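Computed from a predicted model, the values in this text were never measured in an experiment. Just so we're on the same page: letters track the sequence lines, and every chain starts at 1. Heavy atoms only: backbone and side chains are in, while hydrogens, waters and symmetry mates are out.
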Amino acid sequence: MRYSKALIPTLKEVPADATMPSHKLLLRGGFIRRVAAGIYEYLPLGWRVLRRVAEVVREEMDRAGAQEILMPAVLPAELWRETGRWDTFGPQLLRMKDRKGAEYCVGPTHEEVVTDLARREIRSYRELPRNLYQIQTKFRDEPRPRAGLIRGREFVMKDAYSFDADEEKAKLSYRAMVVAYARIFARLGFDFRVVEADSGAMGGTSSHEFQILCDAGEDAIVACESCSYAANVEAALGERVDGEPSVTRTSIPQPVAVDTPGKHTIEDVSAFLGVPSRDLIKTLIYVWGDQSVAVLVRGDDDVNEVKLARAVGAGEVFLAADAEVQRLTGAPVGFAGPVGLRARILADRHVADVRDGVTGANQADRHLRHVLPGRDFQAEFLDLRAVRSGDACPRCQKPLRVFHGIEAGHTFVLGTHYSNKMKATFLGEDGQSRPLVMGCYGIGVSRLVAAAIEQHNDEKGMRWPVPIAPYTVELLAIGADPAIGVRTDGIYHALQSAGIDTLYDEREERPGVKFMDADLLGLPFRVVVGKKGNAGGWAEFRRRGETQDQQVPFEQLEAFLRREIAVANAATHAAAAEAEQSVLKRLGL
RNA sequence: CGGGGCGUAGCGCAGCCUGGUUAGCGCACCAGACUGGGGGUCUGGGAGUCGGUGGUUCAAAUCCACUCGCCCCGACCA
């Protein structure tokens, strides 16, 4: 592509509403433009990247035996009523009516539609298994779209659905998808982790998230630094290894109340009384339905709400509102404590190790010192704490770390949840009618474009991995001498016919402008022809992110670039093969 | 939905508190000249319903009310 003919509106200044690197750079590089909250246009470069990401996804899905289809974006309400989701999906579902008043929605996901397709077209076990996928624009009316392409309302997603005759076979379909996903993310050049997810309300037996590691990620995941263990923080296991209580003596004075005016956080109290936070006992009031419970953890720990919900047999638990805390403890938030509290009390088992603790006194501005669990209060001791960085890995005992991740893919075994509701059945070998056993598998394709930048950028701009770069080579003509233009024209045509995607910057711009734009766009390979090189018979080659130029004679340039690309492609495929092996080992499949 | 903030040229902003020439500045854009290896210099130019509606006033970008949109934090969420 000739730069002077392209629509690449780069920006020097960052639009004020972008905060994340990927969002800023996509805007600055002229890859996307915002049309409405969470809705974007893909300009030529952004669209090229999206297509390349989609192409890798396609190749691996096809390789895994899935077949691409395209379902409608606008879906009739009646299908959603069959599963009840027309009512339960909530305001995220963008609804509308046609001229006759019939109701529709813009598809946020396609279980209903694909299940409808399957029940009409799949009748016999002989037609199983099947895996159908699409790459399509979806819409979810998010309460708060943010971060550009990472959390838009309109986004491009690859969603696949598998249909099997029984659970056993569904597992095989699931496994094939997990392998395909590992290969996809590896080929796209991501540092990612496969994490166990809380399978939650979907009713599934198995669920994994594919998390792309980066500080700006919205999800917290726990991963081992030496083995492949990784899990969503909600589902994570880990043993605390540090920070035993500072007091170990056995004779502890009776509790005594002290004034702690306005000190209602752990840090405040710890600093005010000069007691390390690990000797404090944090008391939190949780509610669900019409029930409530006091939950104790050590001052340096947090509550894992998923563990808590499981322990009390609730679907979900919530921190009590301030008024509720006041009613139950008789004190404002920040001064609750277990001593003398009339409530069900659950405690993380590490609380039992505290010998000389500090707790709230259930009075405003007062705390109790010298609290001894078991003597001064009774509680049910359970595992309730959230895993922290530094805990020991449940598999290998090495330290765990908390990472932030962007959820890029999610795999579920759905079982017969949808097929039961929608009566999607097939005839088995024995002539019996049975519900199809389903799985569903999503990849946020447009989100991946942004995620790639989150992992590959520097202060100058983006750094595209070869497999998804909008162009592979940026060719710069530097200098006003017409002879240089003649030379670069020739190189451009040669690269074109060699099938090397080249962005040819032949604009009448000053060198600085061209170099800055080239760094911003971040194509993997840069080829520069200037006055000296043109006279001397060589071009300058540089990989994005490196600082050294290499002189390459004009006649060798094409072969040189081919080799660079071949090396990158080989590395990509090696990474895919390695990811495949490691995910299989990881899941014990 | 709770908290905070912002809407003035394509982008980034000033002006608003304390109402009063023709609404400014930088970047970008157009024309010309010089320049030509890391966002260069100069000259000249085009571009604005000051988010919208209503009100107060002799007079509103500026004050008031309502409203729409957007961003950030939280809640929620694949």
Side-chain angles (χ1 to χ4, degrees), chain A residues 7 9-20 23-24 27-28 30 33-39 88-93 107-111 138-148 150-153 155-159 195 197-202 204 207-212 216-219 232 234 305 316 318-319 321-322 405-412 440-448 451 459-461 476-482 484-485 505 507-520 526 528-534 539-540 542 547 549:
Chain A
L7 179 64
T10 59
L11 264 24
K12 253 193 243 185
E13 283 167 304
V14 194
D17 51 11
T19 48
M20 290 180 70
H23 192 192
K24 287 182 191 169
L27 253 13
R28 282 195 55 210
R33 286 293 184 258
R34 193 188 70 86
V35 174
I39 301 178
T88 58
F89 211 88
Q92 276 206 26
L93 193 61
T109 176
H110 282 70
E111 283 83 4
K138 302 207 183 299
F139 194 95
R140 297 185 192 174
D141 197 355
E142 288 289 332
R144 189 181 152 209
R146 71 185 99 167
I150 290 177
R151 194 178 193 75
R153 292 195 294 170
F155 56 98
V156 177
M157 183 169 168
K158 188 284 309 178
D159 48 325
V195 311
D198 184 47
S199 41
M202 285 300 239
S207 174
H208 290 89
E209 291 172 0
F210 289 72
Q211 292 277 356
I212 289 169
E218 301 184 286
D219 296 344
N232 197 301
E234 287 136 35
E305 296 183 2
E316 217 178 346
F318 305 90
L319 262 179
D322 294 6
I406 296 171
E407 185 184 343
H410 203 149
T411 54
F412 290 95
C440 82
Y441 318 91
I443 289 181
V445 178
S446 47
R447 175 178 281 188
L448 286 177
E459 52 312 322
K460 293 177 171 177
L476 303 191
I478 296 296
D481 182 355
I484 293 171
D505 192 348
R507 291 176 299 169
E508 286 189 33
E509 287 287 358
R510 300 183 57 87
V513 172
K514 294 190 178 186
F515 287 129
M516 295 301 259
D517 276 340
D519 287 340
L520 174 61
R526 188 180 83 181
V528 175
V529 177
K531 203 197 291 181
K532 270 190 219 156
N534 192 40
E540 296 149 48
R542 186 190 287 197
T547 50
D549 283 331

### Task
Report the C-alpha distance between I39(A) and R34(A) in whole Å, list the side-chain angles of each, state the deciding distance to 0.1 Å, and finish with yes or no for side chain to side chain contact (heavy atoms under 4.5 Å, CB included).
CA-CA 6 Å; I39(A) 301 178; R34(A) 193 188 70 86; over 6 Å; no

#### Entry: Nearest heavy atoms of V195(A) and Q211(A), plus distance in Å
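Heavy atoms of V195(A) and Q211(A) come nearest at CG2-CG, 4.0 Å.
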
Using Watson-Crick or G-U wobble geometry with both distances below 3.5 Å, tell me the partner of [N], or none.
N      : result
U56(B) : none
G19(B) : none
C6(B)  : G69(B)
C11(B) : G26(B)
U49(B) : none
U41(B) : A33(B)
C1(B)  : G74(B)

Describe the nucleic acid contact of [X] in one word from base, sugar-phosphate, nothing, applying a heavy-atom distance below 4.0 Å.
X       : value
R28(A)  : base
D481(A) : nothing
P15(A)  : sugar-phosphate

Could you tell me the separation between the [atom1] atom of [X] and the [atom2] atom of [N], rounded to a whole number of Å?
X       : N      : atom1 : atom2 : result
K24(A)  : G12(B) : NZ    : P     : 13 Å
K158(A) : A78(B) : NZ    : P     : 17 Å
F89(A)  : A78(B) : CZ    : P     : 8 Å
D219(A) : A78(B) : CG    : P     : 10 Å
E142(A) : A75(B) : CD    : P     : 15 Å
E407(A) : C76(B) : CD    : C1'   : 14 Å
D141(A) : C76(B) : CG    : C1'   : 13 Å
L448(A) : A78(B) : CG    : P     : 18 Å

Nucleotide N/O to protein N/O under 3.5 Å, stretch nucleotides 31-37 of chain B:
from	atom 1	to	atom 2	distance (Å)
U35(B)	O2	R510(A)	NH1	2.5
G37(B)	O6	G530(A)	N	3.1
G37(B)	O6	E540(A)	OE2	3.1
G37(B)	N1	E540(A)	OE1	3.1
G37(B)	N1	E540(A)	OE2	2.7
G37(B)	N2	E540(A)	OE1	2.6

With rounding to the closest Å, how many angstrom separate the [atom1] atoms on [N] and [M]?
N      : M      : atom1 : value
C30(B) : A47(B) : P     : 16 Å
G10(B) : G48(B) : C1'   : 12 Å
C34(B) : A61(B) : C1'   : 40 Å
G51(B) : U41(B) : C1'   : 38 Å
A9(B)  : A59(B) : P     : 26 Å
C11(B) : C70(B) : P     : 15 Å
G74(B) : G37(B) : P     : 48 Å
U62(B) : G26(B) : P     : 25 Å

List in chain and number order the residues that pass side-chain contact (heavy atoms from CB on, under 4.5 Å) with [X], two or more places apart in sequence or in another chain; answer none if no residue qualifies.
X       : result
P143(A) : Q92(A)
A408(A) : F185(A), I212(A), L448(A)
L11(A)  : P15(A), R28(A), R33(A)
K460(A) : D458(A), D519(A), R544(A)

Identify all pairs in which a protein N or O lies below 3.5 Å from an N or O of nucleotides 4-9 of chain B, and state each distance.
none

Hey, is the main chain of [Y] close enough, under 3.5 Å, to the side chain of [X] for a donor-acceptor pair?
X       : Y       : value
R447(A) : I150(A) : yes
K158(A) : V445(A) : no
R153(A) : A37(A)  : yes
E209(A) : E407(A) : no

Please list, chain by chain and in numerical order, all residues satisfying side-chain hydrogen bond (donor to acceptor under 3.5 Å, both in side chains) with [X], sequence neighbours excluded.
X       : value
T411(A) : Y174(A)
D517(A) : T10(A), R507(A)
K138(A) : H110(A), D159(A)

### Message
With nearest nucleotide decided by heavy atoms, which residue, K460(A) or P145(A), maps closer to the 5′ end of RNA chain B?
### Response
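Counting from the 5' end, the first nearest nucleotide belongs to K460(A).
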
### Message
Go nucleotide by nucleotide along RNA chain B from the 5' end; which of F155(A) and H23(A) gets its closest nucleotide reached first?
### Response
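Result of the comparison: H23(A).
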
### Query
Does any non-hydrogen side-chain atom of L93(A) lie less than 4.5 Å from one of P108(A)?
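The answer is yes, as the side chains (C-beta and beyond) meet within the 4.5 Å cut-off.
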
### ring-ring contact (aromatic ring centres under 6.0 Å, His included) involving F155(A) - partner list, sequence neighbours excluded
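Applying ring-ring contact (aromatic ring centres under 6.0 Å, His included) to F155(A) gives none.
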
### Query
Nearest to the side chain of R146(A) - G12(B), G39(B), G74(B)?
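Selected nucleotide: G74(B).
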
### Task
Would you please test I478(A) and F515(A) for side chain to side chain contact (heavy atoms under 4.5 Å, CB included) and show each step?
CA-CA 9 Å; I478(A) 296 296; F515(A) 287 129; 4.0 Å; yes

Polar pairs (N or O, both sides) under 3.5 Å between protein and nucleotides 23-28 of chain B?
from	atom 1	to	atom 2	distance (Å)
G26(B)	N2	E13(A)	OE1	2.5
G26(B)	N2	E13(A)	OE2	3.4
C27(B)	O3'	K12(A)	NZ	3.2
A28(B)	OP1	K12(A)	NZ	3.2

### Task
Using the ring pair (Phe, Tyr, Trp, His ring centres under 6.0 Å) rule, take H410(A) and F412(A) through it: C-alpha gap first, then chi angles, then the decisive distance, then the call.
CA-CA 7 Å; H410(A) 203 149; F412(A) 290 95; 4.1 Å; yes

Set out, line by line, the N/O atom pairs under 3.5 Å between protein and nucleotides 67-69 of chain B.
none

